[in-house]
Structure formats: C-alpha cells, structure tokens
Amino acid sequence: METPTPDTAHDAPAGGDGAAPDALSALRARGVDLDKLAAAYSGLDEAAVAASYGAVAKSAPRPPRPTYDPPAPNGDFFDIDGLISEEQRQKMAELRAFMEAEVEPIINEAWLGDRTPLDVLVPGFRKLDLLMPIYGEDLETREPNGSVMEGLLTMELARIDVSTATFFGVHSGLAMQSLLVCGSDEQKAEWLPQMRAWDKIGAFGLTEPHVGSAISRGVQTTARRDGDGWILNGQKKWIGNATFADLVVIWARDEADGAVKGFIVRPKENPGYSVEKIRGKIALRAVENGLITLTDCRVPESDRLQKCDGFADVAEVLKLTRAGVAWQAVGCAMGAYEKSQQYATTRMQFGRPIAEFQLIQDKLVHMLGNVTALQTMCLRLSQLQDAGEMTDAQASLAKVFTAARCREVVALARDLHGGNGILIENHVARAFADTEAIYSYEGTNEINSLIVGRHVTGLSAFV
C-alpha cells in the first residue's frame with residue numbers, strides 16, 4: 001500500500017499548517033531514524049498513519065505567544081470626567097495621586113490593626129485642602145458645585161479604601177453639616193474654620209445600642225436643663241471618629257418637651273463623656289467606631305445647637321450626607337473593577353491571561369456596567385443637591401441602588417481573583433467586607449426602600 005503523504009488534504013495534521021516540518025525536525029533532533037520510521041509506516045493502513053502523524057504533530061512545541069500589552073484599568077467608561085470642570089478634575093487627580101502613593105501602601109496594616117491612620121490622612125488632607133472647594137471661604141453654605149465636588153472626592157477615596165472615605169464623610173459631612181444646618185453664627189465661627197483645616201476632627205452621635213432604624217421615633221439619650229447648661233445621659237453606638245474626635249455632635253431628647261436637640265460635646269475636657277472602641281468588626285476596620293457613654297455629662301447652653309428645632313433638622317443632615325454614602329459605593333465598586341481588570345490581564349493560567357477566557361470577560365463587563373450606572377446616577381443626584389432640588393426619596397433611591405450594585409461588583413471581583421480574592425494584599429477582600437457596612441449605615445437598604453416606596457405610591461409602609 002502506498003504511504004500517505006502530508007500533502008494529501010485529508011491527512012493534514014491536527015496541529016495546523018507548518019506543524020509537520022516542525023514535528024519531524026524535533027524528532028530528528030532527538031536522534032530518531034526517520035527512514036526506519038517511514039518503513040514502519042508502510043505497514044500501516046491510512047487511518048493508523050493519520051492518527052500517529054497527528055500525535056507527532058501535537059508533540060511539537062507551541063510557538064511563543066505574541067507580546068501582550070494590556071490596557072490600563074479605567075473605571076470611567078462613559079467619560080464622567082468630560083462632564084465636570086477642570087478645577088474638579090485637577091482636585092480629583094491630586095487626591096488620586098495621594099491615595100495611590102501614600103494610603104494604599106499602608107491601609108491593609110491599618111485595617112487589620114483596627115486603627116484610623118491619622119498620621120497619614122490628616123496632614124495629607126490638609127495639604128490637599130480638600131474641604132475648600134466644598135465649603136469655600138465664608139463657610140455659610142456649600143459652594144455652588146460643592147456637593148458634586150464632595151461626591152467626586154468621596155469616590156476617589158473609596159476607590160482605594162472605604163474606611164478612609166468614611167472618616168472623611170463623618171468629619172466633613174455629618175459633623176460639619178450639623179453645624180452648618182443647626183449651629184449658631186458663634187458656633188460656626190468657632191468650629192468650622194478649624195474643621196475645614198483639619199485642625200479639629202468631628203464626630204456625629206445619633207445611633208444608640210438599642211435603637212437603630214427606629215431612631216427618628218426613639219432617641220433614648222436624654223437632655224435635662226440644669227441652670228445655665230444641660231445634663232446628658234445615655235449611650236451612642238457605632239460612632240465613627242469617636243475615639244479621637246475633638247467635638248462630637250450628640251442628639252438627645254429633651255425631658256421637658258420631648259423634642260430632639262443637638263449638643264456639641266468636647267470629649268477631651270468633659271469627664272461625663274467616655275468611649276470604648278468597638279472591636280471585632282469585619283468591615284470598615286480602619287474606622288474607629290465607638291460606644292459612647294454619657295454619664296451626667298454637662299454641656300453649657302452655648303454648646304447647644306441653637307437652630308435645631310427637632311428631628312426634622314437631623315433628617316435634613318442625614319439626607320444631605322446619604323448622597324455621600326452612595327458615592328462611597330461608587331468608589332468601592334470602581335476600585336474593585338479596576339483591580340479585577342488589572343488582575344485578569346496579568347494573571348496567567350493555561351499559558352494565557354485569564355482575561356482571554358469568555359467567562360472572565362463576562363464578569364468584567366457586568367462589573368463595568370454597574371460601575372457606570374452608579375457613577376451617572378450619583379453625578380445627577382449631586383447636581384440636584386447643589387441646585388437645592390434633591391428629595392429624600394432621590395437620596396434614598398441612590399443609597400439603595402448603589403449599595404446593592406456595589407455588593408454585586410465586589411462579589412464578582414472576589415470571585416474573579418479565585419483563591420487570591422480572599423487575601424487582603426489584593427485589596428478586593430477588604431472592599432468585599434467593607435461593602436457590608438455601606439449596605440447597612442446611613443439607613444439600611446430596607447428603610448431607604450420604604451422611603452422611596454412611600455414617595456412613589458403615596459402610601460406609607462412604615463410600622
């Protein structure tokens with residue numbers, strides 16, 4: 001029988017064009033006698049020759065893969081940068097450089113150690129003058145685009161670390177906003193310039209050990225008028241910055257009229273104030289949350305927030321800062337996506353980057369779609385806030401949607417990293433854990449859903 005040749009179309013080797021010469025050269029290099037091999041082939045039928053020839057071809061070494069230069073990670077797929085001012089872009093770029101160079105290298109150690117890295121954050125934020133574009137020189141109101149600026153900065157902070165964004169938000173949002181909305185001119189003059197310069201750090205005490213979502217109807221901390229001052233008794237829980245703050249805004253119910261009032265407590269000089277750091281958290285570990293105990297804590301009348309007339313004023317502060325938490329979810333999701341894109345394009349498996357596999361690309365696309373939706377929603381929300389048109393329901397919808405979608409993104413990021421996804425050194429595990437706090441604070445997603453539901457139906461489902 002005539003020995004088939006490689007030129008016969010149906011005998012083409014499985015390895016593709018050019019595989020046969022490469023395979024024969026490899027055999028010759030290993031000392032195989034090709035004449036004897038050919039003679040052996042002459043006794044085989046056509047099918048056996050084809051099968052053996054394919055096996056020889058498959059044994060040939062694969063040519064090297066062409067050089068792959070992966071694109072840089074970019075979580076701004078719809079060019080949000082193109083919708084903001086040059087001043088805002090510049091401030092974002094400055095903050096991004098600081099966060100990448102100064103914070104990212106040390107944040108894992110701080111997170112594991114249950115501590116806020118004040119030695120890095122405070123001088124860095126002060127040098128960047130982060131609060132000037134939000135509050136301006138006069139400190140009477142936010143700047144015309146202050147809410148957009150605050151949101152973009154929060155996104156950049158959370159892109160690297162959510163704890164850092166929370167520290168920023170408690171101080172510049174909850175504490176400063178309480179003074180801006182409810183403080184007297186004298187109180188604003190005393191505190192706001194120092195807080196804007198990061199010379200004094202603020203905290204905000206509303207949530208209590210036994211009252212979380214029901215706080216609007218159930219503030220248990222009491223305030224009793226006593227001569228020219230007030231006596232506060234009670235506890236506050238989950239209070240960020242409480243272990244080192246220079247002032248803590250405490251909300252308490254007046255025993256005389258039942259109205260909620262706000263007080264500036266100076267913890268470093270008030271013997272009635274004590275705080276215990278909350279330990280054992282699995283989220284936001286670089287935020288120092290405290291359990292505050294107020295025991296006959298005396299506060300002068302001059303430190304009562306003079307423009308607070310009830311819980312409605314507290315709700316106004318929360319509405320304004322809820323948008324900031326939504327931006328935290330944007331940044332956290334953005335960072336998780338970018339880390340995943342970088343990992344997928346550099347992690348090699350089966351001789352190729354895992355980004356070349358279809359299921360990995362599907363995860364990245366799903367993540368990027370969520371990130372883009374969150375960015376555009378929050379940008380519009382902050383524009384409405386700056387215009388004075390943002391409603392409670394809009395702020396709550398942003399919180400609901402961003403927290404839920406961020407949960408999806410960080411879960412996909414952890415999944416995409418495989419076993420490496422649970423190592424803190426790859427940063428997605430920290431984002432995965434921190435998202436659970438985003439989902440619960442500034443109103444749980446269930447409470448915020450009911451606020452939106454009440455608005456769109458005209459019916460209240462609150463108990």
Side-chain angles (χ1 to χ4, degrees), residues 75-76 79-103 120-162 164-181 183 188-189 191-202 204 241 317 319-331 334-335 374-390 395 398:
D76 185 10
D79 190 26
I80 297 299
D81 270 7
L83 301 176
I84 62 178
S85 69
E86 179 59 34
E87 178 187 3
Q88 290 168 332
R89 279 193 293 272
Q90 180 62 33
K91 188 58 70 175
M92 286 174 64
E94 293 172 0
L95 180 56
R96 176 172 292 201
F98 168 73
M99 291 297 293
E100 291 180 346
E102 304 295 332
V103 177
V120 174
L121 298 181
V122 170
F125 290 175
R126 183 183 293 128
K127 183 177 180 180
L128 290 168
D129 202 10
L130 288 185
L131 299 183
M132 185 63 76
I134 300 173
Y135 288 105
E137 284 285 354
D138 60 14
L139 289 168
E140 288 295 325
T141 60
R142 288 174 177 244
E143 290 291 273
N145 294 313
S147 298
V148 170
M149 185 78 262
E150 182 182 42
L152 295 170
L153 295 178
T154 299
M155 180 181 72
E156 285 297 331
L157 292 165
R159 175 178 166 269
I160 297 297
D161 176 63
V162 181
T164 301
T166 302
F167 163 70
F168 175 83
V170 169
H171 171 77
S172 66
L174 290 168
M176 290 187 71
Q177 198 66 36
S178 295
L179 288 164
L180 199 65
V181 172
K188 293 177 185 178
W191 289 107
L192 290 180
Q194 296 185 85
M195 295 175 76
R196 182 182 57 194
W198 298 92
D199 293 331
K200 299 292 184 182
I201 303 299
F204 177 93
N241 302 354
V317 174
K319 179 181 75 173
L320 294 173
T321 56
R322 192 165 292 137
V325 177
W327 276 107
Q328 288 181 18
V330 178
M334 186 178 181
L374 303 189
Q375 289 168 336
T376 52
M377 170 181 268
C378 283
L379 180 61
R380 180 56 183 152
L381 180 74
S382 291
Q383 289 171 341
L384 291 169
Q385 185 175 353
D386 281 329
E389 299 173 1
M390 182 183 74

Gap between atom CZ of Arg159 and atom OG1 of Thr164 - 0.5 Å precision:
13.0 Å
Taking side chain as C-beta onward, heavy atoms only, is Met334 less than 4.5 Å from Gln375?
yes
Got a second to check how far Arg322's CZ is from Leu381's CG, nearest 0.5 Å?
11.0 Å
Under 4.5 Å between any side-chain heavy atoms of Phe98 and Val120, yes or no?
yes
Taking the side chain as every heavy atom from C-beta outward, state whether Leu192 and Tyr135 have any atom pair closer than 4.5 Å.
no
How far does CZ of Arg142 sit from OG of Ser147, to the nearest 0.5 angstrom?
4.0 Å
By salt bridge (Lys or Arg N to Asp or Glu O under 4.0 Å), which residues pair with Arg380, not counting sequence neighbours?
none
Any side-chain to backbone donor/acceptor pair from Arg196 onto Ile134? Under 3.5 Å, distance only.
no
CZ on Phe125 to CG on Leu131, rounded to 0.5 Å:
9.0 Å
Contact between Ile201 and Trp198 at the side-chain level, heavy atoms closer than 4.5 Å - yes or no?
yes
Got a sec, which residues hit salt bridge (Lys or Arg N to Asp or Glu O under 4.0 Å) with Glu87, two or more places apart in sequence or on another chain?
none
Using the salt bridge (Lys or Arg N to Asp or Glu O under 4.0 Å) criterion, which residues pair with Lys200? Sequence neighbours excluded.
none
Check whether any side-chain heavy atom of Met149 sits under 4.5 Å from a side-chain heavy atom of Glu143, and report yes or no.
no
With sequence neighbours left out, what residues match Lys91 under salt bridge (Lys or Arg N to Asp or Glu O under 4.0 Å)?
Glu94
Any donor and acceptor pair, going by atom type alone, linking the side chain of Thr321 with main-chain N or O of Gly324 inside 3.5 Å?
no
Side chain to side chain contact (heavy atoms under 4.5 Å, CB included) against Ala326, all qualifying residues, sequence neighbours excluded
Cys378, Ala398, Thr402
Contact check, side chains of Met132 and Glu137, non-hydrogen atoms, under 4.5 Å
yes
Kindly compute the distance separating CD (Glu100) from CD1 (Ile160), expressed to the nearest 0.5 Å.
5.0 Å
Decide yes or no for Trp327 and Leu152: does some side-chain heavy atom of the first lie under 4.5 Å from some side-chain heavy atom of the second?
yes
Rounded to the nearest 0.5 Å, what's the gap from CD on Gln385 to CD on Glu150? Could you check?
7.0 Å
Residue set satisfying side chain to side chain contact (heavy atoms under 4.5 Å, CB included) with Asp81, at least two apart, ordered chain then number -> Asp76, Asp79, Ile84, Arg89, Met92
